[in-house]
Engineer: 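Okay, handing you the structure first.
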Amino acid sequence: HVLASTPMLLAGRTSNLKTLAKHALSSTLWQRSAEPLVPLPARFISTAVHFYQNRQLEAYASKAATRLTLRQLVFFGRSMNEERLIKSANYVRTELPIRIAHRLRDMQALPYVVVTQEGVAKVYELYWTAFDKFRRYPQITTMEENDAFCEFVANLLAEHKSVIPNLSLGLSLSSPYLLSDRLDAFMRRMLVSRISRRVLAEHHIALTKSVKSRDHPSQEDVGIISTRLQVKDCIERCASYLRRRPTNVDEDTLSGPLNHAPWSEVAIDGHVDTKFAYIQEHLEYIIFELLKNSMRATRVKHPTADVLPPITATVVASDNNVCIRISDQGGGLVSSEIKSPSDLFSFSHVRNATRLANSRLNALRTVSSSSRGMRATMSEQVRDWQANSKENVPADSVDPHPRIGIGLPMSNIYATYFGGSLELVSLDGYGTDVYVRLPKLGTNLEEIEL
Ligand code: COI
């Protein structure tokens, strides 16, 4: 009955809410199906109840998000003092529940069958809990309160590490029930919004650290933004890390061997001295994923070569943009499963049949349930190496990276978040060129949708 009454409750008849929720919990929740009614698994009960607690959610979801530009984040963070830091804390405290509320509303608008897919209810719960905690969080007025707030936010950031693999698993499993355009538009809103929330949260935590360690103010970093990020260094760091992975393990199946030749070298040309203001973690995420794909494709395409063809990364800076082209000889992208390169961004099995492949679903299940969540960022991994080894990192200390099919769609979303783009060009039978364009001036607003 509760589930059948959704439209009535969403229409605001909240006086019935408590009674209905009480009935739901005191007896058994039932889901509708063509078969005789079956009990709803216990793990969905609290999710179902939240579906009817909409009054608070409505209040927040009706407010517009205050979108920012990269330049605003730098300007505000540059002349930080305690007063501005408290302002920043309260901005994060009040802005994040608005952004989360929009996404909770978005999830509620999906057919209920989606919310019952593996992974989706978990994400809904995480967001509901975070929303509720943020909206109840008291105003921050002192540095001590800000410290406690940073700890609170850092804990949420850690708890949410498994969101993307869970969402990807649930939406892949839902793709038989949703039109591919609707599914992909939903995923895009979820992922862009998540990036935006993590940027605000991490930027504030980084600003707090820099205000507290006044002895060593960095001229070049403002919060999480590197104001003079050297593109060539990022490419080299990613290539060096990726080339240290074992060569004898197929990352699709985590069993081997493929071919024992060393990974392709990465040659960098073009405007190699290019520097611009950007979030290092975002740029490195994109480059890391693109190089990883190129390296694997090259290895698979040349199974007996002793030396694999190199990959070329060309960097070009124009007045408004920084462009990076990554070219490989890995045979191109179009296959029996992928008809057009842009289908690789899709989470729908209609456009990308690999979404429902068992190996992919199992890899997603493994990553979703791991406490580390998705792979740590490049910067975190490089910091780990440096902590563990002063000089060279032995090859066997770098784990293989299970292929969960998220790298390309996420890279696309990272590139477009501040108004850039990512395009794939397949030279079928020969190789792939990927073009990444990132705006250089930082004047574009975050591309989040309401
Ligand atoms: C997320 O990572 O999905 C978030 O929303 C993080 C935020 C709660 C700090």
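Both ligands and their constituent atoms are indexed starting at 1 by order of listing. Below, all heavy atoms of this structure are taken into account, side chains as well, without hydrogens, waters or symmetry copies.
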Engineer: Got the closest protein heavy atom to atom 4 (C) of ligand 1, with its distance?
Structural biologist: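 Scanning the protein heavy atoms, the shortest distance from atom 4 (C) of ligand 1 goes to His160 ND1, 3.4 Å.
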
Engineer: For the CZ atom of Phe152 and the CG atom of Leu157, what is their distance to the nearest 0.5 Å?
Structural biologist: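 These two atoms lie 10.0 Å from each other.
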
Engineer: Within 45° of the axis and under 6.0 Å from the centre of the six-membered ring of Tyr124, does NZ or CZ of Lys122 qualify?
Structural biologist: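 Negative - Lys122 is either too far from the ring of Tyr124 or too far off its axis.
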
Engineer: Is the closest side-chain donor-acceptor distance between Arg355 and Ser168 under 3.5 Å?
Structural biologist: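 Side chains of Arg355 and Ser168: no pair found under 3.5 Å.
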
Engineer: Apply salt bridge (charged side-chain N to carboxylate O under 4.0 Å, His left out) to Glu423 and Arg437, showing your working.
Structural biologist: CA-CA 9 Å; Glu423 276 171 59; Arg437 182 186 57 78; over 6 Å; no

Engineer: List every atom of ligand 1 that sits less than 4.0 Å from any heavy atom of Arg194, numbering the atoms from 1 in the order shown and giving each element.
Structural biologist: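 Reading through ligand 1 atom by atom, the close ones are 1 (C), 2 (O), 3 (O).
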
Engineer: To the nearest 0.1 Å, how far is atom 3 (O) of ligand 1 from its closest protein heavy atom, and which atom is that?
Structural biologist: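 Ranking protein heavy atoms by distance from atom 3 (O) of ligand 1, first comes Tyr127 OH, 2.9 Å.
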
Engineer: If you take the nearest heavy atom of each of Lys161, Arg198, His204, which one is closest to atom 2 (O) of ligand 1?
Structural biologist: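 Closest candidate by heavy-atom distance is Arg198.
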
Engineer: Where is the nearest protein heavy atom to atom 7 (C) of ligand 1: which residue, which atom, and how far?
Structural biologist: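 Here the nearest protein heavy atom works out to Leu96 CD1, 4.4 Å.
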
Engineer: Could you tell me if Arg197 sits above the aromatic ring of Tyr127, with its cationic atom closer than 6.0 Å to the ring centre and no more than 45 degrees from the axis?
Structural biologist: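 Output yes; distance and angle both within limits.
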
Engineer: Start with the C-alpha gap between Glu220 and Arg228, add the side-chain angles, then the distance that decides, and say whether salt bridge (charged side-chain N to carboxylate O under 4.0 Å, His left out) holds.
Structural biologist: CA-CA 6 Å; Glu220 308 224 326; Arg228 291 164 62 75; 3.4 Å; yes

Engineer: Of the protein's non-hydrogen atoms, which lies at the shortest distance from atom 9 (C) of ligand 1, and what is that distance?
Structural biologist: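 Atom 9 (C) of ligand 1 sits closest to the protein heavy atom Leu157 CD2, 3.8 Å.
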
Engineer: Considering only the protein, which heavy-atom contact is closest to atom 5 (O) of ligand 1, and what is its distance?
Structural biologist: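 The closest heavy atom on the protein side is Arg197 NE, 2.7 Å.
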
